There are 2 protein chains.
Amino acid sequence: MARSEDGGDKKPLERLGVREIAKRVGVAPMTVSRVLSNPDMVAPATRAKVLEAIEAAGFVPNRLASSMKGNGRIIGTVVPPLINSGIAEQVQGMSDECQLGGYSMLLVQGEFTTEAEEASIRTLLGWRPAGMILQSFVQSEVARQLLVSSGAPVVEISEIKGRQPIDMVVGVSNFETAYAMTMHLAAKGYKRIGFVSTPIHGNDRLQQRRTGYHAALTELGIENHASLEVEVPITAAGGAEALVTLTERHADIDAIFFSSDTLAIGAVQECHRRGWAIPDRIGIAGYGDMDLAAQLYPPLTTVKVNRYEMGRRAVRQLLDRLGGKQKLATITSLGFEIVDRESA
Amino acid sequence: MARSEDGGDKKPLERLGVREIAKRVGVAPMTVSRVLSNPDMVAPATRAKVLEAIEAAGFVPNRLASSMKGNGRIIGTVVPPLINSGIAEQVQGMSDECQLGGYSMLLVQGEFTTEAEEASIRTLLGWRPAGMILQSFVQSEVARQLLVSSGAPVVEISEIKGRQPIDMVVGVSNFETAYAMTMHLAAKGYKRIGFVSTPIHGNDRLQQRRTGYHAALTELGIENHASLEVEVPITAAGGAEALVTLTERHADIDAIFFSSDTLAIGAVQECHRRGWAIPDRIGIAGYGDMDLAAQLYPPLTTVKVNRYEMGRRAVRQLLDRLGGKQKLATITSLGFEIVDRESA
DNA sequence: TGCAATGATGGTACCGGAACCATTCGATGA
DNA sequence: TCATCGAATGGTTCCGGTACCATCATTGCA
């Protein structure tokens, strides 16, 4: 395709750089650089020649080098296991928005232990990202310090209220959502409502959801019983197991609010297995409104939170800040919706 | 926490580098660099002092700089939308393995159009990754050329057979899996078996699955009818829709093989809605064995492919190559399993 | 006609680790 | 006692794009 006219063209290794291209065209390296980042500063004729040479040589500019001059184009992010419901959508949203803004996304898997979190953040900072997006609040004080002194903007996707954010926050009020769903269930006539979640410890979101559930019950004049709450792994099997546990503990339980659709769907399957009618025998509510929720039989009543949008927004915040559009720390609360379907 | 003893310590910006650390400790920059990458070459006493200074200053070495010297620590990957079933697990596997090997993962969203693919690969190459992992075969000839001349090892996670791979391949034989499942359904007594997939065009995997389905039917002495095949979007609703379409077209259809569990699950829900007994009225088979498949009511017969492992293996191949353990192009075929449950 | 303003382009240093080679020094052996 | 060797450490340069400033050529306007 690219024919070799002058001696050194014959597809050498990847030993190409602006200097090499410049030499071939007969201009200065700076001019080539300008064609790449500020095309308007270069005369059309020159620009065309440079672009042609770039094309012919299959030259791909080294972003590492330009990043070193301070124009980082990496958005770093630490996420919990992608398999968890909702995270994938969120990452998708982040990725899409990154690409739109011309940034690349560096993805680091983060556990929730303090030291793992710190390690993840160290790794990220090593790449001198233009900005960072973190799931839930940063626990480690050291990591917090590192982030602040890095000077890069940070978005925490998390619970809206609570701890002091490092910089910006995007999220929903998990308290509100859970409160609203619990009240919704009560309004539908359910008297004894259980609450099932994945392990709560160290997870702001879940803590807030449980608190919201508690607050609603209290407001309804219902006493909170720890025996109405269960923690299970985030799998369909976990949901089924929780249903079994709770109905064994309380024969009169008439509704269960699951902190994740995955769990709720598992519970619905368990009901089918037992021949229990939903919502007559027991009402089931989920959280997340994943794709399957609406298609489920019976359709799942759930809290709809737009995780994709959450991811997009987080990146947008970052890019706006980088673009100098806003200086201040911001907290963006996305709305939510109680999707009332037939399962409760 | 870190107290400032000598004048210049008081947490300046992020203007730290090996040179600065070296100055503070009273050694040469090279020594600091060695502490970071070849600690054994530095005397324990010196090393300790350097580490202490690093710790105190909150210094995080700049990986961009070291990457420029040829020790890239980025594994780049282009993936289809994460929301698609299975991809999330796979990315998880890749990510875990990357971290184990001390690499960071750059994630680029890739569409399946030729130009989008090319753009994604260009972006990736800009970061001079140590290796790359691509989903399905690369279509664009230009992109292919770029990849080859980049000199970095490439793993395509795709269909095992077929096109000439760029370098290494990890995957399963989609032909085999679909062939096996179709034969399995026939062995269970199903006579008229439909095939539902997401859009096949440009997707090697799906093409091979369909071919496997065709081959099995042919071997069974059954003629292939295009009317037994439907393409729908990869959602539960799509699966339900496909079930409707096929049963309307062929009243005598007695089993449907879905190319994704998500579709199959949607179809199962549709059956519940219609009060159709599974597998008596119709048999349903999926592909992927996602978490929910086993918990579904009735449990879903499906093809189990370990996507997580696939991701892990892909990265492992890359790292082995980088470590010089193997030189040749390899094709790794992972096994699969027909999980016979009650839905068919 | 002359000189400042504008636009296009070139030269060079720099970002921050690390490869490469040089140097220092104490220990060992003949 | 001195040559030899290896371990520890230092000095310099380079990777490749680009910020910064300098240099021209051209144009506008007093």
Side-chain angles (χ1 to χ4, degrees), chain A residues 12-50 53-54 57 59-74 102 104 122 125-130 150-151, chain B residues 12-51 53-54 57-74 102 122-123 125-130 150-151:
Chain A
L13 305 185
E14 175 69 49
R15 292 282 156 267
L16 288 168
V18 283
R19 288 172 178 79
E20 177 62 21
I21 299 291
K23 198 181 298 177
R24 294 188 190 181
V25 181
V27 295
M30 246 338 278
T31 304
V32 177
S33 172
R34 273 190 274 256
V35 169
L36 295 171
S37 38
N38 289 70
D40 298 332
M41 291 178 64
V42 181
T46 314
R47 193 195 314 161
K49 279 196 297 180
V50 172
I54 287 176
F59 165 62
V60 180
N62 187 333
R63 281 174 178 264
L64 296 169
S66 51
S67 290
M68 280 193 62
K69 283 299 282 188
N71 324 11
R73 297 255 136 205
I74 287 182
S104 296
R122 273 218 157 75
L125 286 172
W127 294 105
R128 299 295 186 270
S150 82
Chain B
L13 306 184
E14 176 68 48
R15 293 279 156 267
L16 288 167
V18 283
R19 288 172 177 79
E20 176 62 21
I21 298 291
K23 199 180 298 176
R24 294 189 190 181
V25 181
V27 296
M30 248 335 279
T31 303
V32 177
S33 172
R34 272 191 274 257
V35 170
L36 295 171
S37 39
N38 289 69
D40 297 331
M41 291 178 65
V42 180
T46 315
R47 195 194 314 161
K49 280 195 297 180
V50 171
L51 284 173
I54 287 176
F59 166 62
V60 179
N62 187 332
R63 282 174 177 265
L64 296 169
S66 49
S67 290
M68 278 193 62
K69 284 296 284 187
N71 323 9
R73 296 257 136 201
I74 286 182
R122 273 217 157 76
T123 302
L125 286 172
W127 295 104
R128 299 293 186 270
S150 82

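Because the structure is a prediction, the values reported are computed rather than measured. Quick note on labels: first sequence line is chain A, next is B, and so on, each numbered from 1.
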Sugar-phosphate only, base, or nothing, as touched by Thr31(B) at under 4.0 Å among non-hydrogen atoms: sugar-phosphate
Atom pair distance, as rounded to whole Å: NZ in Lys23(B) and C1' in dG10(D): 16 Å
For nucleotides 19-24 of chain C, give me every protein contact, N/O to N/O, under 3.5 Å, one pair per line with atom names.
unit_1  : atom_1 : unit_2   : atom_2 : d
dA19(C) : OP1    : Asn71(B) : ND2    : 3.4

Sugar-phosphate only, base, or nothing, as touched by Arg63(A) at under 4.0 Å among non-hydrogen atoms: nothing
Arg19(B) CZ - dC14(D) P separation (whole Å): 14 Å
Nearest heavy-atom neighbours spanning Ala57(A) and Leu16(A): O-CD1, 3.3 Å
Could you list the donor-acceptor pairs under 3.5 angstrom formed by side chains in residues 27-45 of chain A, with sequence neighbours left out?
unit_1   : atom_1 : unit_2   : atom_2 : d
Ser37(A) : OG     : Ser33(A) : O      : 3.0

Close approaches to DNA chain C from residues 43-50 of chain B, in residue order (heavy atom, under 4.0 Å): none
Axis-to-axis angle between the two ends of the helix from dT1(C)-dA30(D) to dA30(C)-dT1(D) (five base pairs per end, rounded to 10 degrees): 50°
Contact nearer the 5' end of DNA chain D, comparing Met41(B) with Met68(B): Met41(B)
Whole angstrom value for the distance that separates P of dG16(D) from CZ of Phe59(A): 9 Å
Touch class at under 4.0 angstrom, heavy-atom based, for Ser33(B) against every strand present: base
Residue Pro61(A), side-chain atoms from C-beta onward, closest of dT9(D), dG17(D), dG16(C): dG17(D)
Interatomic distance where CG belongs to Asp40(B) and P belongs to dG6(D) [whole Å]: 18 Å
Report all side-chain donor-acceptor pairs from residues 59-73 of chain A shorter than 3.5 Å, counting only partners two or more places apart or in another chain.
unit_1   : atom_1 : unit_2   : atom_2 : d
Asn62(A) : OD1    : Leu64(A) : N      : 2.8
Asn62(A) : OD1    : Ala65(A) : N      : 3.4
Ser66(A) : OG     : Arg63(A) : O      : 3.3
Ser67(A) : OG     : Arg63(A) : O      : 2.8

Length of the line joining Leu64(A):CG and dG16(D):P, which is rounded to integer Å: 10 Å
Partners meeting side chain to side chain donor-acceptor pair (under 3.5 Å) with Arg122(A) (sequence neighbours left out): Glu118(A)
Sugar-phosphate, base or nothing in reach of Val32(A), heavy atoms under 4.0 Å: nothing
Arg128(A) CZ to dC15(C) P, straight-line distance once rounded to whole Å: 13 Å
Whole-Å gap separating P (dG17(C)) and CG (Leu125(A)): 13 Å
